[in-house]
Amino acid sequence: MLENLKIVFHQGRQFIPDPTTVEVPGIFRGRPVISTVKVDETKLVELCPTAAISGSPVSIDLGKCTFCGECAMQFPTKISFTKDYKMSSNERDRLIIKEGEDNPVEVNPDTVRKDIHRIFGKSLKLRQISAGGDNSCEMELNAANNVQFDISRYGIDFVASPRHADGIVITGPITKNMAEAIQICYDAVPEPKIIVLVGTDAISGGIFADSPAIDRSFLEKYIVDLYIPGNPAHPLSIVNGLLDLTRKH
Ligand code: SF4
C-alpha cells in the first residue's frame, strides 16, 4: 500500500484539469495568421504542396493544410502559426483563414442540427473508421481517450460497434477499398447520427486528393457535422471540436 502511494505521489497529477483552456507546451502549429504584408503571392501559392494557399487576398484552407510550416518558414513576415488548437467547425467555409484576420475558428451553433444538442449534449458514442489513414489521426483520437486528455469525462466515448454508436468519425483520405465499408458502417448506426471528419486527409484528401486510389463519393451524399483540421489533429482540437458541436449554444 505504502509503495503504491509512493508511486502515485511520484507520478503527480497526470490529467489536464481543463482541456478547453490549457496552453500547449513546446512546438505546435495551430491556427495560422496571415498578415497584410505584401509578398510574392505567386511564389507563396506555388510552394504549398496541397494547394491550401490561395492568392488575392491570401488565404489558407485548414481543410487542405498539412501544417508542414513551409509557408511560414519561407514567408515569416506573411504567415505565422499560433498555438490555437481550437480549429474545428461545422461549416467547411469557416476553415478558410483570410489575410488580415485573427479570429478563432468556431462551430456555428445556429447551423448545428438541433438534434445534436438535444440528444448528444450529455452523451455521445462514436465509431471510428480509418479509411486509408496512416494511423496518425487514429493515434491522436486514441490519445484523446487517454488519462491526460480524458474525453470520456464529458460523456464522449468510442465504441466497438456502429450499432452502439451515435455517429462515425472518419480518418484518412477514403480509399476505394474503404468506400463501401464506410457506407455499411454508417447504415448500421441508428438515427439520428452524425459524421465527423478528423484530419486533413479526411477533410480534403490531403496529399492524396488527386489520387485515383481514393473514392470520396460517400461525403457527397451526406451533411458533415464537424470538421476537425490537423495533420494529424491534436487531441485538444478533437476534444474541443466535439464539445463545441454538442454543447455550444
Ligand atoms: S503549412 Fe499548410 S499552407 Fe503552409 S505550405 Fe504547408 S500545407 Fe501549405
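As the structure lists them, so they are numbered: ligands from 1, and atoms in each ligand from 1.
- A salt bridge links Asp102 with Arg31: the distance from a Lys NZ or Arg NE/NH1/NH2 to an Asp or Glu carboxylate oxygen falls below 4.0 Å.
- The aromatic rings of His234 and Phe149 stand perpendicular to each other, their planes meeting at an angle above 60°, with 30° marking the opposite boundary.
- Using a 4.0 Å cut-off between heavy atoms, Phe81 contacts ligand 1 through its side chain alone, with no backbone atom that close.
- Between Ile34 and Ser59, the shortest heavy-atom contact is CD1-CA, 3.7 Å.
- Residue Ile151 is tested with Leu141, Asn145, Asp157 for a side-chain contact (heavy atoms from CB on, under 4.5 Å); the sole match is Asn145.
- Of all protein atoms, those that are N, O or S and lie under 2.8 Å from atom 2 (Fe) of ligand 1 total 1.
- Contacts between Leu47 and ligand 1 below 4.0 angstrom, taking non-hydrogen atoms only, involve the side chain exclusively.
- If you check the side chains of Lys43 and Gln74, you find no donor sitting under 3.5 Å from an acceptor.
- Between Tyr186 and Tyr222, the distance separating the two ring centers is shorter than 6.0 angstrom.
- Among the candidates Glu180, Met178, Lys176, the single residue satisfying the side-chain contact (heavy atoms from CB on, under 4.5 Å) test with Asp215 is Lys176.
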